[in-house]
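Note on naming: letters A, B, ... go to the chains in the order of the sequence lines (proteins, then strands), and numbering restarts at 1 for each one. Because the structure is predicted, anything quoted here is derived from the model rather than measured.
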Number of protein chains: 2
Amino acid sequence: MKPKTKRGQNRREKILRAAEKVFGTMGFADASITDITREADTAQGTLYIYFKGKEQIFSELVEEMGHHTREVIAQAISKSTSRLDAEKQGLRAFLHFVRERPELYTIVEEARFVDPVAYKSYFENFAKAYQTGLEAAQLAGEIRDSDNEVRAWALMGIAKALGEKYAVMDPSKDMDHIADVAFDLIENGLRR
Amino acid sequence: MKPKTKRGQNRREKILRAAEKVFGTMGFADASITDITREADTAQGTLYIYFKGKEQIFSELVEEMGHHTREVIAQAISKSTSRLDAEKQGLRAFLHFVRERPELYTIVEEARFVDPVAYKSYFENFAKAYQTGLEAAQLAGEIRDSDNEVRAWALMGIAKALGEKYAVMDPSKDMDHIADVAFDLIENGLRR
DNA sequence: TCAAAACATGAATGACGATTCATGTTTAGC
DNA sequence: GCTAAACATGAATCGTCATTCATGTTTTGA
């Protein structure tokens, strides 16, 4: 499963990157093992040296997305002074990351149907972290009192939808602008 | 394709309802024609009298969801006095509808991968309508000036995420409460 | 009442593609 | 430089359905 030589590590990584591209652009069902191995310049059988099957590669990519997202957001937040500012920096970093790796993001969304368990835990973990942050901000008096679980899911929903629209569907607009508009809504709401 | 007798109409409808249930619970890939026809107490071949194939049934369900959602929201909004109130009533009605037909909602989400064209037009239409409403509210001075396209996608994202979480994943909480919390966030933002 | 149209059946067909495996090649470490 | 382990190959296998179709049954309308 895990490679023991440098050569093996390279090959495994090459297959993962090919799978990211192929799954992300054609979707899980339409992507064949042949597509992935062709993209990786590899024989079909080689894939089964490093992975149990089609689904396992996919799941591994979902996990990868989880790690990277956590890293990216943690990094972005670390410089923040207030909780609300952390919110803003986290959103901005997330959107930039998704625009850089739209395939990986699409894979996470498809996980809802291909690997529902991974999908659920992915988002429930994020929601919990989000909620904890909101709770702290609430205790610190930065934000108004409300149901922070519902708020956490709502805020995640904003990030998901904007990522889907402005990183995957229509990646032409400036991401900082998107983040600014969204954060203004999050901070101040709609009301004049 | 379209039935010409009452008997045919009943059969077609029965198959559609079976497909809604089967696609919604097992997902498109795992759902077999046999599963659907078994659920509908029908022979496999009968399905092909009324539908071109597996994908076409699916697409028809996506369209159905579009019609119903539009109806439900239009109905809910019709009683509203202000644009912001329309926002609230629309959100509430949407969440109730999704809790009543979670399978239909899951199907729309899976359409992103099964029928991307239908999916894209579904959400772009909603976004446009949403944006138009926001534009009017802005002109009426009810809400602050900002980029209403981005806002529209953000607000749709809230509705999608809350529907997914509180209608599909965890349907135990009171939907009016969910809608109230979300609308408070939309109206006033987080800031104290 | 009866013929034609509409509807219904479900076993057989056929395509597709994930996975396996018998056979080679390369690398690590002594 | 040798050999065992690790890695690589790709054609053949095998299971899984979606779809078809030859054969019945029911409904319609005159």
Side-chain angles (χ1 to χ4, degrees), chain A residues 1-62 107 110-111 113-116 118, chain B residues 1-62 107 110-111 113-116 118:
Chain A
M1 218 72 187
K2 290 284 165 181
K4 312 210 160 179
T5 68
K6 187 65 185 170
R7 179 170 163 237
Q9 282 163 24
N10 289 339
R11 202 44 88 88
R12 191 179 196 280
E13 185 62 23
K14 210 174 176 190
I15 292 170
L16 264 180
R17 297 285 68 82
E20 174 180 340
K21 184 168 176 185
V22 172
F23 281 142
T25 52
M26 332 211 308
F28 184 80
D30 287 351
S32 71
I33 296 296
T34 306
D35 290 325
I36 294 171
T37 51
R38 188 188 308 116
E39 177 75 30
D41 276 316
T42 298
Q44 264 119 289
T46 307
L47 188 146
Y48 292 87
I49 294 170
Y50 300 114
F51 305 95
K52 190 158 175 293
K54 198 182 172 185
E55 304 218 348
Q56 198 218 305
I57 297 197
F58 189 88
S59 298
E60 187 153 335
L61 289 169
V62 175
I107 287 166
E110 191 165 13
F113 305 100
V114 175
D115 185 351
Chain B
M1 219 71 188
K2 290 283 166 183
K4 312 211 161 176
T5 69
K6 187 67 184 170
R7 178 169 163 239
Q9 280 163 23
N10 288 340
R11 202 44 90 88
R12 190 179 199 279
E13 186 62 22
K14 211 173 174 190
I15 292 169
L16 264 180
R17 297 286 67 83
E20 175 180 340
K21 184 169 174 184
V22 172
F23 281 142
T25 52
M26 332 212 305
F28 184 81
D30 287 351
S32 71
I33 296 297
T34 307
D35 290 325
I36 294 171
T37 51
R38 187 189 307 119
E39 177 75 30
D41 277 316
T42 298
Q44 264 117 289
T46 307
L47 188 146
Y48 291 88
I49 295 170
Y50 300 114
F51 304 94
K52 192 157 175 294
K54 198 181 171 187
E55 304 219 349
Q56 198 218 305
I57 297 198
F58 189 88
S59 299
E60 187 153 335
L61 289 170
V62 175
I107 287 166
E110 191 165 13
F113 305 101
V114 175
D115 185 351

Rounded to the nearest Å, what distance is computed from the [atom1] atom of residue [X] to the [atom2] atom of nucleotide [N]?
| X | N | atom1 | atom2 | value |
| --- | --- | --- | --- | --- |
| A:Lys54 | C:dT20 | NZ | P | 15 Å |
| A:Phe51 | D:dA8 | CZ | C1' | 15 Å |
| A:Ile36 | C:dT19 | CD1 | P | 10 Å |
| A:Tyr48 | D:dA11 | OH | P | 16 Å |
| B:Asp30 | D:dA18 | CG | C1' | 15 Å |
| A:Phe58 | C:dA18 | CZ | C1' | 16 Å |
| B:Gln44 | C:dA11 | CD | P | 9 Å |
| B:Ile33 | C:dT9 | CD1 | P | 15 Å |

field: Phosphate OP1/OP2 of C:dA6 contacted by B:Arg11 side-chain N/O (<4.0 Å)
entry: no
message: Would you say NZ of A:Lys14 has more than 12 non-hydrogen atoms from neighbouring residues, nucleotides or ligands within 6.0 angstrom?
response: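 Yes, NZ of A:Lys14 has more than 12 neighbouring heavy atoms, counting only those of other groups under 6.0 Å.
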Considering all heavy atoms of both residues, which atom of [X] and which atom of [Y] are nearest to each other, and what is their separation?
| X | Y | answer |
| --- | --- | --- |
| A:Thr37 | A:Ala43 | CG2-O, 3.7 Å |
| A:Val114 | A:Glu55 | O-OE1, 4.1 Å |
| B:Phe51 | B:Glu60 | CE2-OE1, 3.9 Å |

- request: Could you check B:Phe58 against B:Glu110 for side-chain contact (heavy atoms from CB on, under 4.5 Å), going step by step and ending with a plain yes or no?
  value: CA-CA 10 Å; B:Phe58 189 88; B:Glu110 191 165 13; 4.0 Å; yes
- prompt: If each of B:Thr5 and B:Thr46 is mapped to the nucleotide of DNA chain D with the nearest heavy atom, which maps nearer the 5' terminus, i.e. the 5' end?
  reply: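 Counting from the 5' end, the first nearest nucleotide belongs to B:Thr46.
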- request: Using the closest heavy atom to pick a nucleotide of DNA chain D for each, name whichever of B:Arg7 or A:Lys2 lands nearer the 5' end.
  value: A:Lys2
message: Mind checking if A:Ala31 touches a base, just sugar-phosphate, or nothing, with heavy atoms under 4.0 Å?
response: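 Sugar-phosphate: the residue A:Ala31, judged by heavy atoms under 4.0 Å, touches backbone atoms but no base.
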query: Which is true for A:Tyr50 with a 4.0 Å heavy-atom rule: it touches a base, it touches only sugar-phosphate, or it touches nothing?
result: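 Since only primed, P, OP1 and OP2 atoms lie under 4.0 Å of A:Tyr50, the category is sugar-phosphate.
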Side chain of [X] (C-beta onward), nearest among [options]:
| X | options | result |
| --- | --- | --- |
| A:Pro3 | D:dC7, C:dT9, C:dA18 | D:dC7 |
| B:Ala43 | C:dA6, C:dT9, C:dA18 | C:dT9 |
| B:Ile49 | C:dT9, C:dT27, D:dT20 | C:dT9 |

statement: Comparing A:Gly45 with A:Ala29, nearest DNA chain C nucleotide closer to 5' gives the residue A:Ala29
